[in-house]
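Starting from 1, each residue takes its place in the sequence as its number.
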Amino acid sequence: MKKNGKSEIWEEPKQFEMPTYPEIPDVGLYLEQVTKYVSRYILPMRSFSITASMISNYVKKGLIAKPVKKLYYREQIADIFVIAVSKLVLSLEDIQILLAGKKEEEPGQFYTRFCEALYSRFDQVFPGEKKRSSRQKETLSKKLSEGLPEKPEEELPENRSETPSEIPELLDWTAKTVICRMYLETLVNSIKNM
């Protein structure tokens, strides 16, 4: 990034974007492919990083499911996105608690809620010209929920319990804190480059 103007520093947060759940490949990607794919989305924000060894460590710690014949699929890649963003403000042990909330949901619902929380907080913290229009928000919300099965409340098996009420709150506060940290880092970099 060039250091010749404040406006260029503020362009970095505008580049932050996460793929929708249906956009995440479900064909099976090797570790290096996953690393490149996730990095393409998170590297515009210098705060985030992901490496093959980090992903392998997440598998060893049980944060994500083991690859199937060395291939990672949509659900695992979605978890990697959540971990890569959340580790900016949470320890791996805390992220494990956060991810426990997805066990009671259909595939993709937790990731979608996480993205919605991030974008909602992003719009609050980066207002003005960076704020998404109402139409963009509707399109994003529709896009994020495309292809996700509905979870009927009455069909919940007896041996499964509802997600503890603290998990959605943890997800929301994680999103708030990540976006606030992005704002603070952007502000500090702006001041440094004045």
Side-chain angles (χ1 to χ4, degrees), residues 1 6 8-21 23-24 34-35 37-51 53-55 57-59 61-64 75-105 108-132 136-137 140-141 143-145 162-193:
M1 179 178 295
K6 180 179 176 182
E8 289 182 18
I9 301 285
W10 289 93
E11 289 298 314
E12 190 176 276
K14 287 183 188 179
Q15 296 173 28
F16 176 71
E17 186 178 352
M18 303 259 290
T20 63
Y21 188 75
E23 291 173 338
I24 297 173
V34 172
T35 304
Y37 177 75
V38 174
S39 293
R40 184 175 74 195
Y41 284 93
I42 65 171
L43 283 185
M45 292 306 300
R46 290 176 285 159
S47 307
F48 305 130
S49 67
I50 193 77
T51 65
S53 62
M54 291 167 120
I55 295 171
N57 189 36
Y58 302 153
V59 171
K61 289 185 178 275
L63 291 170
I64 59 173
E75 187 69 17
Q76 294 156 306
I77 297 169
D79 289 346
I80 292 167
F81 272 108
V82 171
I83 294 166
V85 172
S86 298
K87 72 179 180 138
L88 187 63
V89 296
L90 295 176
S91 69
L92 290 181
E93 292 78 20
D94 293 341
I95 292 171
Q96 196 161 26
I97 294 168
L98 177 67
L99 290 174
K102 79 181 198 82
K103 292 178 183 170
E104 305 300 326
E105 298 183 352
Q109 287 181 325
F110 182 84
Y111 175 80
T112 300
R113 286 190 311 113
F114 185 75
C115 289
E116 287 172 344
L118 281 172
Y119 286 128
S120 172
R121 298 304 168 201
F122 186 92
D123 289 346
Q124 291 173 353
V125 173
F126 292 96
E129 64 188 71
K130 294 165 208 65
K131 191 169 183 158
R132 292 172 179 82
Q136 287 173 317
K137 285 181 187 178
L140 175 66
S141 183
K143 206 173 171 191
L144 284 171
S145 58
E162 287 293 330
T163 303
S165 61
E166 294 84 6
I167 298 294
E169 189 174 354
L170 177 59
L171 185 141
D172 190 50
W173 277 100
T174 300
K176 286 179 187 177
T177 310
V178 165
I179 298 302
C180 287
R181 176 140 181 211
M182 286 170 55
Y183 180 82
L184 286 172
E185 289 179 357
T186 304
L187 186 60
V188 168
N189 287 332
S190 174
I191 293 167
K192 283 181 183 176
N193 292 300

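With hydrogens and angles left out, the side-chain atoms of Tyr58 and Gln96 include no donor and acceptor closer than 3.5 Å.
At least one side-chain heavy atom of Ile55 sits under 4.5 Å from a side-chain heavy atom of Ile64. Residues Cys180 and Val125 have side chains in contact (heavy-atom distance under 4.5 Å, counting atoms from C-beta outward). When side chains are defined from C-beta on, Tyr21 counts as touching Glu75, because their heavy atoms get closer than 4.5 Å. Side-chain contact between Val89 and Trp173 is absent, with no heavy-atom pair separated by less than 4.5 Å. No side-chain heavy atom of Ile97 sits less than 4.5 Å from a side-chain heavy atom of Leu90. Looking at Arg121 and Asp172, their side chains come closer than 4.5 Å, going by heavy atoms from C-beta outward.
The distance from atom CG of Leu63 to atom CD of Gln76, rounded to the nearest 0.5 Å, is 12.5 Å. Considering NZ of Lys61 and CD1 of Ile83, their distance stands at 11.0 Å, rounded to 0.5 Å. The distance from atom CZ of Phe81 to atom CD1 of Ile24, rounded to the nearest 0.5 Å, is 5.5 Å.
The two residues Cys115 and Pro19 have their closest heavy-atom pair at SG-O, 4.3 Å. Between Tyr119 and Met18, the shortest heavy-atom contact is OH-N, 2.7 Å. When every heavy atom of Ile179 is checked against every heavy atom of Phe122, the shortest pair comes out as CG2-CA, 3.6 Å. Pairing each heavy atom of Leu98 with each of Phe110, the nearest pair is O-CZ, 3.4 Å. Here the closest heavy-atom approach between residue Gly101 and residue Ile167 is recorded as CA-CG2, 3.3 Å.
Under the side-chain hydrogen bond (donor to acceptor under 3.5 Å, both in side chains) criterion, Asn57 pairs with no residue at all, not counting sequence neighbours.
Under a 3.5 Å cut-off, the side chain of Ser120 and the backbone N or O of Glu116 do not form any donor-acceptor pair. Using a distance-only test at 3.5 Å, with no hydrogens or angles considered, a donor-acceptor pair links the side chain of Thr174 to the main chain of Leu170.
The salt bridge (Lys or Arg N to Asp or Glu O under 4.0 Å) pairs that include a residue from residues 78-92 are Asp79-Lys102, where partners are two or more places apart or lie in different chains.
Ring geometry, Tyr41 versus Tyr37: the interplanar angle exceeds 60°, so the pair is classed perpendicular (tilted spans 30 to 60°).
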Practice item. Kindly indicate, with the supporting measurements, whether the criterion side chain to side chain contact (heavy atoms under 4.5 Å, CB included) is fulfilled by Ile50 and Val34. Key: CA-CA 10 Å; Ile50 193 77; Val34 172; over 6 Å; no

